[in-house]
Amino acid sequence: MSEPIVITSKLPMQQRPALEQLLFFNANQHRVRVGIEQSIATYGVPEIYEQDGTLRIRVGDVEGVQTLFAVTEAGRPLGVAVFVRLADERFVVLHLGVEPRFGRARALDVNTPVLLKLMHEIRSAARRTRGVHRIELVYKGRHAVRLNV
């Protein structure tokens, strides 16, 4: 049985190495390299910083960037999603990172439950936000994926 996944907007300072691994040194980033490059070219480089004793992420000069962390009950980071509300009607997911796991073929694979939980939380936030009608994921090749809220 797998560990429960908890979603939070705060991550303790001692989790910085794990967050750096998820965001900057992820073994699966080659799969979405074009999307990562496009996001960086369009919005800027993500940067981890400290605020009020917790870790946060900013992206270039983009205002209003929000971060959700998927963690175990013990607080170990499993995933991160960085997004922002743009043009009032949409959330744009700027960066995603999930802890790789070994798949059936023993190759590194995407941790799908963590990814789904993060996207579910972003969609829930979008539904609660007046005027937001869609979510865009820039990590899908050369064109963003658009999801209706």
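From a predicted model like this one, the values you see are computed outputs, not experimental measurements. All values below were derived from every heavy atom in this structure, side-chain atoms included, with hydrogens, water molecules and symmetry-related copies excluded.
In this structure, the side chain of D88 does not engage the main chain of G131 through any donor-acceptor pair within 3.5 Å. The backbone N or O of Q51 lies less than 3.5 Å from a partner atom in the side chain of T54, making a donor-acceptor pair.
Taking 4.5 Å as the limit, every side-chain heavy atom of I40 sits out of range of all side-chain heavy atoms of Q38. Side-chain contact between V93 and V138: absent, with no pair of heavy atoms (C-beta onward) separated by less than 4.5 Å. Between L96 and L137 there is a side-chain heavy-atom pair separated by less than 4.5 Å. Inter-residue side-chain proximity for P46 and V82 is flagged as unmet; no heavy-atom pair is nearer than 4.5 Å. Side-chain contact between I48 and F24 is present, with at least one heavy-atom pair separated by less than 4.5 Å. Contact check for H95 versus S39: side-chain heavy atoms found under the 4.5 Å cut-off. No side-chain heavy atom of I5 sits under 4.5 Å from any side-chain heavy atom of T72. The shortest side-chain heavy-atom distance between V59 and V45 does not fall under the 4.5 Å cut-off.
Pairs engaging residues 32-68 under the ring-ring contact (aromatic ring centres under 6.0 Å, His included) rule: none recorded [sequence neighbours left out].
G79 approaches L22 most closely through the heavy-atom pair N-CD1, 3.7 Å. When every heavy atom of P12 is checked against every heavy atom of L55, the shortest pair comes out as O-CD1, 3.5 Å. Closest approach of A81 and I122 over heavy atoms only: CB-CD1, 3.7 Å.
In terms of the side chain to side chain contact (heavy atoms under 4.5 Å, CB included) criterion, residue partners of E89 (sequence neighbours excluded) are, by chain and number, A87, H133, R134. Shown here are the salt bridge (Lys or Arg N to Asp or Glu O under 4.0 Å) partners of R85, two or more places apart in sequence or in another chain: there are none. Among residues two or more places apart in sequence or in another chain, the salt bridge (Lys or Arg N to Asp or Glu O under 4.0 Å) test is passed with R16 by E20. Among residues two or more places apart in sequence or in another chain, the salt bridge (Lys or Arg N to Asp or Glu O under 4.0 Å) test is passed with R33 by E37. Among residues two or more places apart in sequence or in another chain, the salt bridge (Lys or Arg N to Asp or Glu O under 4.0 Å) test is passed with R90 by E136.
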side-chain contact (heavy atoms from CB on, under 4.5 Å) between Q66 and V84, worked out: CA-CA 6 Å; Q66 299 179 57; V84 67; over 6 Å; no
Derivation and outcome, side-chain contact (heavy atoms from CB on, under 4.5 Å), residues R76 and L78: CA-CA 6 Å; R76 184 175 61 86; L78 300 172; 3.5 Å; yes
Derivation of the side-chain contact (heavy atoms from CB on, under 4.5 Å) call for L11 and L19: CA-CA 9 Å; L11 197 63; L19 179 56; 4.0 Å; yes
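Of the options V65, L68, V92, a side chain to side chain contact (heavy atoms under 4.5 Å, CB included) to F83 is made by L68 and by none of the others. For the side chain to side chain contact (heavy atoms under 4.5 Å, CB included) criterion with R123, the lone passing option out of E121, M119, R127 is R127.
Separating the CZ atom in R56 from the OG1 atom in T67 is a distance of 6.5 Å, to the nearest 0.5 Å. The distance from atom CE of M13 to atom CG of D52, rounded to the nearest 0.5 Å, is 11.0 Å.
Criterion: ILVMFWY side-chain heavy atoms under 4.5 Å apart, direct or through other members. Under it, V6 and F69 are part of a common hydrophobic cluster.
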